[in-house]
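In this text the structure is predicted, and so the values were computed from the model without any measurement. To find a chain, count down the sequence lines: A is the first, B the second, and so on, and within it residues start at 1.
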Protein chains: 2
Amino acid sequence: MIEPTKASDPKQPKPRKPIYLTVKEDLIRRVLSGEWRPGDLVPSEIALAEEYSVSVGTARKAVEKLVQDNVVVRQRGRGTTIATYRGGKAAKPYKFLNFYSEQDERTERATYLDFAEGTATEFDAQQLGIAIGSPVSRVTRLRSASGRPAIIEHIVVRGDFCPNAAERFARLRPSSIASFFDRQYNLLIVRVDEKVYAALADQEDREHLGSAEGEPVLEVIRSAYDLGGFVIEYRLIHARQGVYYTNTTR
Amino acid sequence: MIEPTKASDPKQPKPRKPIYLTVKEDLIRRVLSGEWRPGDLVPSEIALAEEYSVSVGTARKAVEKLVQDNVVVRQRGRGTTIATYRGGKAAKPYKFLNFYSEQDERTERATYLDFAEGTATEFDAQQLGIAIGSPVSRVTRLRSASGRPAIIEHIVVRGDFCPNAAERFARLRPSSIASFFDRQYNLLIVRVDEKVYAALADQEDREHLGSAEGEPVLEVIRSAYDLGGFVIEYRLIHARQGVYYTNTTR
DNA sequence: AAGTGGTCTAGACCACCAT
DNA sequence: TGGTGGTCTAGACCACTTA
């Protein structure tokens, strides 16, 4: 049943909240509570309508909003499932990969270079929204395109949400980070922010990307948010000259 | 009335097209035909439902799709209008600006540097999807952020769609390009593709952006599509070091 | 006061998927 | 074959804008 929105609450009249939004928020609450885990089948629209005492159309609209937010995936004939990046036949939401390309080629599987547990620097703390000195895991990896090194990623992961991430990264060497968080920690990445800067190749770029001294590179700071709005990991990425970042705005 | 989808067409059974999509496409056709121009009020949902002999809910869904595509803007109590970038109280769709910033400051009004009519080079032709030698207009402008030059744009416009664009640019010096195409040519920009590369500052960047020799810059190739799917203009943009490109993926 | 979009209801039929 | 989501209908009330 829907919470009656606190009849005692005085600030009600103006921004009357649609029922479908209330239902959507309760469904998110149930995902966050662990009642449903990634890959689980959500009750059908008819079942949800009965459970929340709303019409099917309203339950439907709530589910549509969840789809927009990358929380669930609908499949005709099968049902609605909590989004998951795990393999198998079903239920992958939007992909955040595919961001870098070169000569219109997608980047290939990553090679892992380094793993470390550590504590948050001031910059880490700022990016992750945690305190300086909090535990973090650090991972470095390299991705290629057309058989040539293309981008190098320094990934920093929140230690409180993802204990022993470096060790698990080292053991599993996942090709998809979103999949890794999904399987290992039941965390669902639903949003990614990126900022792209111009920079010059540093020592590491020269070593691993084959950049020359004085050559320009793309520097990307990328933050990944989970369903709860927390930054789970951020990455400092360098892409060698020739590799590009692409985006479409509608 | 809706065209009955060619009853004689044999390829019907599998991909049955939803009615609301057919309605949406016909509404787009009417916009492209000039029946409605940017800023015009579209018939109400009830009127559309009657006109197309569908239920209000179906007409509504068609209009919702048009909103998603940046073609129309809905305002409760007022009605639905064709999207427009013209000033006034109403009807602005998504903004494609806001792409560049610095120290979290938006870029300011543009300064125009150069205007020219010309013919398409091979690169122009490729970007605009026209023949080499076709007429194009070229405009160069500079945008600042925090009082300092930040990005320089070379804009190339299709001459067949936008005759005398350089001359009009010179006369009007519009702050918004989308607004310019809207007012001058009744063209509605609904989608923008961008590719971001790393490059080194060239002579022009040193002159106008204050870049030093060997300093990195962002190079962006940006194509603007109108409602009909044509590339109306593309830009070659350089942003000096420190200015960044930002994007959120949901 | 009239008309609009925003929300909601309570049904219905269909295409698709798993069993 | 039964259940699912995808589509569609024909109403209804409300909040908001405009005249």
Would you be so kind as to tabulate the donor-acceptor pairs closer than 3.5 Å made by side chains of residues 59-66 of chain A, with sequence neighbours excluded?
from, atom 1, to, atom 2, distance (Å)
Arg60(A), NH1, Glu45(A), OE1, 3.0
Arg60(A), NH1, Glu45(A), OE2, 2.4

Not counting sequence neighbours, which residues clear side-chain contact (heavy atoms from CB on, under 4.5 Å) with Leu32(A)? List them please. Ile28(A), Leu227(A)

Partners meeting side-chain contact (heavy atoms from CB on, under 4.5 Å) with Glu167(B) (sequence neighbours left out): Glu117(B), Asn164(B), Arg171(B)

Let me know the distance between CD of Glu50(A) and C1' of dT9(C), rounded to the nearest Å. 15 Å

Taking NZ from Lys65(B) and P from dC8(D), how many angstroms apart are they, rounded to a whole number? 11 Å

Partners passing side-chain contact (heavy atoms from CB on, under 4.5 Å) against Ala165(A) (at least two apart in sequence or in another chain): Ser137(A), Val157(A), Cys162(A), Phe169(A), Tyr185(A)

The criterion is salt bridge (charged side-chain N to carboxylate O under 4.0 Å, His left out); which residues satisfy it with Arg173(B), sequence neighbours excluded? none

When you compare the protein's N or O atoms with those of nucleotides 3-7 of chain C, which come within less than 3.5 Å of each other, and at what distance?
from, atom 1, to, atom 2, distance (Å)
dG3(C), N2, Gly77(B), O, 3.2
dT4(C), O2, Gly77(B), N, 3.3
dG5(C), OP1, Thr80(B), N, 3.2
dG5(C), OP1, Thr80(B), OG1, 3.0
dG5(C), OP2, Glu45(B), N, 3.0
dG6(C), OP2, Arg60(B), NH2, 2.9
dG6(C), OP2, Arg74(B), NE, 3.1
dG6(C), OP2, Arg74(B), NH2, 3.3
dT7(C), OP1, Tyr20(A), OH, 3.2

